[in-house]
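What you see below is based on every heavy atom in this structure, not just the backbone, and it leaves out hydrogens, waters and symmetry mates. Chain A is the first sequence line, chain B the second, and so forth, proteins listed ahead of strands; every chain is numbered from 1.
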Number of protein chains: 2
Amino acid sequence: MDRFEELADGFKALADPTRLKIVALLNIRDCCICELVPLFGISQPAVSRHMSRLKQAGLVTETRRGQWVFYSLNRARLADFTLGVGALPDLSADLQKLESQGLLVQCTIKTS
Amino acid sequence: MDRFEELADGFKALADPTRLKIVALLNIRDCCICELVPLFGISQPAVSRHMSRLKQAGLVTETRRGQWVFYSLNRARLADFTLGVGALPDLSADLQKLESQGLLVQCTIKTS
DNA sequence: TAATGATATAACTATATGGTTATCGATCCG
DNA sequence: CGGATCGATAACCATATAGTTATATCATTA
């Protein structure tokens, strides 16, 4: 696969509004699938597959903590496509809404 | 359409290796369709539609000169998606190959 | 061990995408 | 005007994508 195909694949991973929102959210805080589901109007498997796509593009990494899998933004990789994270709208309000609804996971388990 | 959809549309325009090559080429020199066709293994209508996609995303502008339509890179717009043009491989060699084959248009008509 | 909860995967559907060939429109030139 | 060239559009086809529901996998906990 030549460089253009590699780059195109990366852009494909970013070429979806839901995945861009995921990136914007992970820029604020590591999240697990169950936190993201109520934010988007889509099913858990749909969120999971979006995350797989981001993972395959190297844009996120995962860490299992107990029964949850937390996803982190790979900012260095994101920079490869030089999407300035600052260019994304701030979604703090959405997270705050989740928190006010008690939907944020309070994970006390240490990273394995 | 919210900001995320707008951004996603822009990334979609960049999420194709042929279009990335077109961007890389336009970064070197304005081109018309007939110059690009022999560079890619695809038909003239296919190149034309790729260009439409880039045009719709605001990434290129067109200028008719006689029977040719020259396309220019909108670098400011490209910066919106902050793809550093420098991140793209240099395709000068391809253009030189075209030139050596006499396939570059020598347009003497002034911009209308 | 059994039940529960979080993710991932499978199978399916509808739409989007990227290619083709055929054809239309516009411009230039004899 | 008539022919030739460049580009755009139309119609079609194959594949990719993003969603769904159902189910499997893995970890926690009673």
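A distance-only check finds a donor-acceptor pair linking the side chain of A:R64 to the backbone of A:G66 [under 3.5 Å]. No donor-acceptor pair under 3.5 Å is formed between the side chain of A:N74 and the backbone N or O of A:T61. In this structure, A:R77 contributes its side chain and A:A57 its backbone to a donor-acceptor pair below 3.5 Å. Using a distance-only test at 3.5 Å, with no hydrogens or angles considered, no donor-acceptor pair links the side chain of A:R75 to the main chain of A:L59.
Taking every side-chain heavy atom of A:H50 into account, D:dA18 is the closest of C:dG18, C:dT9, D:dA18. Considering only side-chain atoms of A:K12, the nucleotide from D:dT20, D:dT17, C:dG18 that sits closest is D:dT17. Nearest to the side chain of A:R64, among C:dT9, D:dA27, D:dG19, sits D:dA27. The listed nucleotides are D:dT21, D:dT9, C:dT7; the one nearest the side chain of B:S52 is D:dT9. Of all nucleotides listed (D:dG7, D:dA18, C:dA8), D:dA18 comes nearest to the side chain of A:R19. If you check D:dG19, D:dC6, C:dG5 against the side chain of A:I42, the one that comes closest is D:dG19. Taking the side chain of B:P45 as heavy atoms from C-beta on, and the options C:dT17, D:dC6, D:dA8, the nearest nucleotide is D:dA8.
Using a 4.0 Å cut-off, some side-chain N or O of A:S48 falls inside it from OP1 or OP2 of C:dA8. An OP1 or OP2 oxygen of C:dG19 is reached within less than 4.0 angstrom by no side-chain nitrogen or oxygen of B:S43.
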| side chain to side chain contact (heavy atoms under 4.5 Å, CB included) between A:V69 and A:I33, worked out | CA-CA 7 Å; A:V69 176; A:I33 302 288; 5.9 Å; no

| request: Let me see the working for A:Y71 and A:C31 under side chain to side chain contact (heavy atoms under 4.5 Å, CB included), right down to the final yes or no. | output: CA-CA 6 Å; A:Y71 289 91; A:C31 292; 5.9 Å; no

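Rounded to a whole Å, the CZ atom of A:R49 is 10 Å from the C1' atom of C:dA10. Separating the CH2 atom of B:W68 from the C1' atom of D:dA4 is a distance of 12 Å, rounded to the nearest angstrom. Going from atom CZ of A:F70 over to atom P of D:dA27 covers 16 Å, rounded to whole Å. Atom-to-atom, CD of A:E5 to P of C:dG18 comes out at 13 Å; the value is rounded to the nearest Å. If you take CD1 of A:I22 and P of C:dT7, they are 12 Å apart, rounded to a whole angstrom. For the pair A:M51 CE and C:dA6 P, the computed distance is 15 Å after rounding to whole Å. A:R53 has its CZ atom 15 Å from the P atom of C:dT9, to the nearest Å. When the P atom of D:dA8 is taken as reference, atom CD of B:E62 falls 6 Å away, rounded to whole Å.
Side chain A:Q67 to base D:dT28: no donor-acceptor pair is found below 3.5 Å. Checked by distance alone, A:Q44 brings no side-chain donor or acceptor within 3.5 Å of a matching partner on the base of C:dA6.
Nearest-nucleotide mapping onto DNA chain C: of A:V69 and B:T18, the residue sitting toward the 5' end is A:V69.
A:Y71 comes within 4.0 angstrom of sugar-phosphate atoms only, judged by non-hydrogen atoms across all strands, and of no base.
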